[in-house]
Amino acid sequence: MKKNIIILTVLTFLCLAGLLYCFVELIFNERVNQQKNNLESNTVSFIELISPEIKAAVMKDDDIALLYSIEKLSKIDTVKEAFILDKNLNIVIHNDSSKWNKKYDDDFYKNIVSLKNKSLKKSGPYDFVYSQPLDDKSVLCVSYSLQNIFDDLKMWKIKLYVYCFIIAFLMFFIVYNLLRFFFLRPFNKAKKYLSVNETGKKTIYSDIVNMALSCNGHSLNNDGIVDISFRELTNKVFKNYLNLSDDIFIILDGKAKLVYCFDENNIVLKKKDLSAHIVSLTTNSEILKSVSAVLENHSETINIDVSEYKINIIPVSGEKDNLVGIIISGNKIKGN
């Protein structure tokens, strides 16, 4: 039972971990796309807002206004560099003065200067280049990156993974303890009720139980059926031995298996199969509960009422104070 509970708990943990992983990936991708679109839109909007100023400065040959506008573009957080290329791929002006008069000769920028309209091209996994023709001789190029967004969101993603793992780990213990409480605890309790407790007291019925146990070993014929005459004989012997006239007289061994039964009206037992456990012989829950209690603690006699009969369930201890048997005796209640 415990092994099955552990397996079920582990499977629950793995399923929950898988669901949380898919949840984190879905949230991460959705958030990345959302922030990427927002930041890209804001960056392009700001560039297009300043580009008319740059175009006007180029038309007027106003170098101071041109430098000021280029510097303003470079202040945008996502912008890596802002510069103007001529048709020969030479840098006319750059936000980094050390790159002035530098020449770009790769095909990427050749394609950009050949365009007659503004465009947005991807230059790397997270890098983009915005370009806009200023006149027939020059093109404004602004390179910007969204790498910081992905870096920040990756840290957020790792934290989310940690939180989800903690949740899954806590759910592992919650499910495990719930399964133990609802399944393992009742199972162990039932086993305990049906186990033999080694603490008990010897009673006056020890001899008769030992006699029944010894007689029972010779009471079956070749087909495993109890001889009726032998049953009548043992019934008389037991009643004379105890000097009782009980209407019900049943002997169980130390494991609650039937050794002898006299119950003509089937008050206690519905079946009378020798060597069968009492669980399979009766449907009376009070009898089963009382026998289980005696098996757990055989220091006291239990008295209960079943139908119109007063039933006594008497534990019998052996010489070593171990439970050797149980006697169930009963008589009809007077006045009924």
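This chain uses plain numbering: 1 for the first residue, then up along the sequence.
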key: Pair Asn265-Tyr309, side-chain donor/acceptor within less than 3.5 Å   = yes
ask   = Between Lys272 and Asn266, do the side chains contain an N or O donor and an N or O acceptor separated by less than 3.5 Å?
value = yes
message = Please determine whether side-chain contact (heavy atoms from CB on, under 4.5 Å) holds for the pair Asp305 and Lys310, giving the CA-CA distance in whole Å, both sets of side-chain angles, and the decisive distance to 0.1 Å.
response = CA-CA 5 Å; Asp305 293 338; Lys310 188 76 173 180; 3.0 Å; yes
ask   = Mind checking who shares a hydrophobic cluster with Leu115, ILVMFWY linked at side-chain heavy-atom distances under 4.5 Å?
value = none
query = Mind checking who shares a hydrophobic cluster with Leu26, ILVMFWY linked at side-chain heavy-atom distances under 4.5 Å?
reply = none
Taking atom [atom1] of [X] and atom [atom2] of [Y], what is their separation to the nearest 0.5 Å?
X: Ser51; Y: Tyr130; atom1: OG; atom2: OH; value: 5.0 Å
X: Asp106; Y: Ile112; atom1: CG; atom2: CD1; value: 8.5 Å
X: Leu140; Y: Glu48; atom1: CG; atom2: CD; value: 10.5 Å
X: Ile278; Y: Lys271; atom1: CD1; atom2: NZ; value: 13.5 Å
X: Ile167; Y: Leu20; atom1: CD1; atom2: CG; value: 6.5 Å
X: Ile333; Y: Ser307; atom1: CD1; atom2: OG; value: 9.5 Å

What pair of heavy atoms forms the shortest contact from [X] to [Y], and how long is it?
X: Thr78; Y: Thr43; value: OG1-OG1, 3.0 Å
X: Ser275; Y: Lys257; value: O-CD, 3.6 Å
X: Tyr109; Y: Leu85; value: CD2-CD1, 3.7 Å
X: Ile313; Y: Pro315; value: O-CD, 3.7 Å

key: Residue from Asn284, Ile328, Val268, Thr282 passing side chain to side chain contact (heavy atoms under 4.5 Å, CB included) with Val306   = Asn284
inquiry  = Working note: Ile304 + Asn312, criterion side-chain contact (heavy atoms from CB on, under 4.5 Å); need CA distance, chi angles, decisive distance, verdict.
reply    = CA-CA 7 Å; Ile304 59 174; Asn312 303 312; over 6 Å; no
Does the side chain of [X] reach to within under 4.5 Å of the side chain of [Y], using non-hydrogen atoms?
X: Asn303; Y: Ile311; answer: no
X: Lys55; Y: Val58; answer: no
X: Asp253; Y: Val324; answer: no
X: Tyr144; Y: Leu120; answer: yes
X: Leu153; Y: Arg31; answer: yes
X: Ser329; Y: Ile248; answer: no
X: Ile84; Y: Cys141; answer: no
X: Ser41; Y: Asn38; answer: no

Linking I/L/V/M/F/W/Y whenever their side-chain heavy atoms sit closer than 4.5 Å, directly or via other members, would [X] and [Y] fall into one cluster?
X: Leu73; Y: Trp100; answer: yes
X: Leu274; Y: Leu252; answer: yes
X: Phe172; Y: Leu178; answer: yes
X: Trp156; Y: Ile158; answer: no
X: Ile302; Y: Val291; answer: yes

Can any side-chain N or O of [X] pair as donor or acceptor with the backbone N or O of [Y] at less than 3.5 Å?
X: Asp263; Y: Leu269; answer: yes
X: Asp273; Y: Ala276; answer: no
X: Asn111; Y: Asp107; answer: no
X: Ser69; Y: Leu66; answer: no
X: Ser138; Y: Leu134; answer: no

Counting only pairs under 3.5 Å, give me each side-chain donor-acceptor contact of residues 89-97, with atom names and distances, residues two or more places apart or in other chains.
unit_1 : atom_1 : unit_2 : atom_2 : d
His94  : ND1    : Asp96  : N      : 2.9
His94  : NE2    : Glu81  : OE1    : 2.9
Asn95  : OD1    : Ala82  : N      : 3.0
Asp96  : OD1    : Ser98  : N      : 3.3
Asp96  : OD1    : Ser98  : OG     : 2.9
Asp96  : OD2    : Ser98  : OG     : 3.1

message = Does the plane of the ring in Phe13 sit parallel, tilted or perpendicular to the ring in Phe165? Use 30° and 60° as the thresholds.
response = perpendicular
Could you tell me whether [X] atom [atom1] has more than 12 heavy atoms of other residues or ligands within 6.0 Å of it?
X: Asn33; atom1: CG; answer: yes
X: Leu170; atom1: CG; answer: yes
X: Lys87; atom1: NZ; answer: yes
X: Gln147; atom1: CD; answer: yes

request  = Would you sort out whether Ile54 and Ile70 count as a side-chain contact (heavy atoms from CB on, under 4.5 Å), showing the intermediate values?
outcome  = CA-CA 7 Å; Ile54 297 175; Ile70 291 292; 4.0 Å; yes
query = How would you list all residue pairs meeting ring pair (Phe, Tyr, Trp, His ring centres under 6.0 Å) that involve residues 19-55, not counting sequence neighbours?
reply = Tyr21-Tyr161
inquiry  = Using the ring centroid of each side chain, check whether Phe262 and Phe249 are separated by less than 6.0 Å.
reply    = no
task = Using the salt bridge (charged side-chain N to carboxylate O under 4.0 Å, His left out) rule, collect all pairs that involve residues 156-167, keeping only residues at least two apart or in two chains.
result = Glu25-Lys157
Selection residues 121-143 - residue pairs positive for salt bridge (charged side-chain N to carboxylate O under 4.0 Å, His left out), sequence neighbours left out = Lys80-Asp127
request  = Step by step, work out the side-chain contact (heavy atoms from CB on, under 4.5 Å) result for Thr12 and Cys15.
outcome  = CA-CA 5 Å; Thr12 303; Cys15 292; 5.9 Å; no
